[in-house]
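Small disclaimer: the values here were computed from a predicted structure and weren't measured. We name chains A, B, ... by the order of the sequence lines, and we start the count at 1 in each one. We use all heavy atoms of the structure for the numbers below, so side chains are in, but hydrogens, waters and symmetry mates are not.
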Amino acid sequence: MKDCFKFLKNRGFFQQSTDEEALARKLDNENVTFYVGYDPTNVSLHLGHLVPIMASAFLQRMGHKPIALVGGGTAMIGDPSGRTSARPILTVDEIDSNSMLIKEQLERFITLDGEKGLFINNGDWLRNINYIEFLRDIGKHFSVNRMLSFETYKEKYKNHGLSFLEFNYVLLQSYDFLRLYKEHNCTLQVGGDDQWANMVSGVELIRRITGSNSNVECLTLPLILTSDGKKMGKTQNGALFLSKEITSVYDFYQYWINVTDSDVIRFLKLYTFIDDSEIEKLSQLKGEELIEAKRVLAFEVTKIVHSESDAIEAREAANAAFGSGDNIDLIPTFSIDRSRIEAGISILDLFVESGLVESKSEVRRLIKQNAIKINEDKISNENLIVDSSFITESGIILRSGKKKVKRIAF
RNA sequence: GGGAAGAUUGCCGAGUGGUUAAAGGCGACAGACUGUAAAUCUGUUGACAUACGUCUACGGGGGUUCAAAUCCCUCUCUUCCCA
């Protein structure tokens, strides 16, 4: 616990906070109960959630107690932070089902056994709130003028229009913090930097209601951009999800292998539990040696998010797909009826069915661009019929471009 | 309650009767170069079709016209101004 704050800051888990000295003192000397909020607006968490999750995991390892607060109540409104359009409003059933899925995912990182960590749904109190009481007890502490000065609201207000529904988000999030403070002695909120205004409002609300010695703080984490300025976790298929049903382990692993050189060390610090000293060693690598650091990064992150055996498999598959390895069986596969190959199938249909390419037109285009390969042979004939003569002992290997590969298994 | 402007292909954004699958930018994809990196250069970027070409698309619905993203009516939504 000693030097806890310094450690966090050094690993990159610090953007801004309320009283920094007080926060450092608190984290270094007390067992702090803190909370991070998650929106159950999707069936899976994605890469953007990983920084707060890792922060929670590190804090828990250092003796602090995390509360994972799922926004089963707030999700029914939609948070305007950093968005130009409000989130879609989901049904209660969808929200509840998402919440349970999120809990399962979080438990890979943090213990939520009710003792060392808690999982709480703000729907428990928000859904039954009494409007008049809420206005009287909570609403009176908020100034519209002040709220309109918040960056997230200001932007929306000026350029897109801000609905009353969304405008209330800050009150509800502040109220969450108040509840957690009162019921669980939660004195720290951690979240992405886009949540700053909401979090500070919570701190202020608690101080107004309980007095200035309440000792509550908040801490924001940086929103991670890649060093070429792009948002993290964008792949050709959209966002990178933590669920292997949505983003395959193979794709997940590959994402980290393909990270930009200048991001590797930063990401090792943020997204793995590897010791500082070990990271220091890896940071000595230069040029093409960096692939080693990327392998460590990809392996470790995959191990944490999925499992060690998944990580090993993904690594083997990568070796098979990109040269050295011989474990071709591990390349992502898809199956197709053998009889259809024997009857002969158009290369256009085959690539579309494999999921490597979106449409036949695109396959045609890729063939013209020399990007399509079968069993490592470049294909230039878009009328090619693939039949049993293409079947090898390891099936048929399809490639689209340098990085996308699938194996047909029978 | 009254008035005005707007909704275009993944995003931004041009286009105001035919030459428009729709400029330009971004993003994305491919090739070259490399290290499964970045940068750079080149090309591609609605679908179907070997091809001629066909179909779908400019918020929804209806209409005018030989011909509509472009004109008219109507509905929905958004923004702005007045009260």
Any N/O pairs under 3.5 Å between the protein and nucleotides 54-56 of chain B? List them or say none.
none

Polar atom pairs between nucleotides 40-47 of chain B and protein, under 3.5 Å, N or O only, would you list them?
unit_1, atom_1, unit_2, atom_2, d
B:G43, N2, A:Gln369, OE1, 3.0
B:A47, OP1, A:Ser359, OG, 2.8
B:A47, OP2, A:Arg365, NH2, 2.7

Problem set entry | Side-chain donor/acceptor of A:Lys402 to base of B:U34, under 3.5 Å | yes
For this session: Determine: side-chain N/O of A:Arg364 to OP1/OP2 of B:C48, distance under 4.0 Å, yes or no.
Result: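 It does not, given that no N or O in the side chain of A:Arg364 lies less than 4.0 Å from OP1 or OP2 of B:C48.
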Problem set entry | Under-4.0 Å side-chain N/O to phosphate OP1/OP2 contact, A:Lys403 with B:A37 |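 Checking A:Lys403 against B:A37: at least one side-chain N or O falls below 4.0 Å of OP1 or OP2.
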Can you list the residues that meet the side-chain contact (heavy atoms from CB on, under 4.5 Å) rule with [X], with sequence neighbours excluded?
X        : answer
A:Glu21  : A:Asp19, A:Arg25
A:Lys303 : A:Phe299, A:Glu300, A:Glu308, A:Ala311
A:Ser143 : A:Asn145, A:Arg146

Problem set entry | Partners passing side-chain hydrogen bond (donor to acceptor under 3.5 Å, both in side chains) against A:Arg364 (at least two apart in sequence or in another chain) | A:Glu382
Exercise. Taking only residues two or more places apart in sequence, or in another chain, which ones meet A:Asp193 in a side-chain hydrogen bond (donor to acceptor under 3.5 Å, both in side chains)?
Worked result: A:Gln16, A:Thr220
Exercise. A:Phe134: what forms a ring pair (Phe, Tyr, Trp, His ring centres under 6.0 Å) with it, not counting sequence neighbours?
Worked result: A:Tyr175
For this session: Any side chain to side chain donor-acceptor pair (under 3.5 Å) involving residues 341-351 of chain A? Give me the pairs, sequence neighbours left out, ordered by first then second residue.
Result: A:Arg338-A:Glu342, A:Asp349-A:Lys360
For this session: For A:Glu288 and for A:Lys368, find the nucleotide of RNA chain B with the closest heavy atom, then tell me which residue's nucleotide is more 5'.
Result: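 So the residue in question is A:Glu288.
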Problem set entry | C1' atoms of B:A69 and B:G1, separation to the nearest Å |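 B:A69 and B:G1 have their C1' atoms separated by 34 Å.
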For this session: Considering only atom P, compute the distance from B:A28 to B:C80 and round it to an integer number of Å.
Result: 32 Å
Heavy atoms only, 4.0 Å cut-off, all strands: where does [X] land among base, sugar-phosphate and nothing?
X        : value
A:Gln254 : base
A:Arg399 : nothing
A:Ile291 : nothing

Exercise. Are A:Glu204 and A:Arg207 ion-paired here, with the side-chain N under 4.0 Å from a carboxylate O?
Worked result: no
Exercise. Is the shortest distance from a Lys or Arg side-chain nitrogen in A:Glu280 or A:Lys269 to a carboxylate oxygen in the other one below 4.0 Å?
Worked result: no
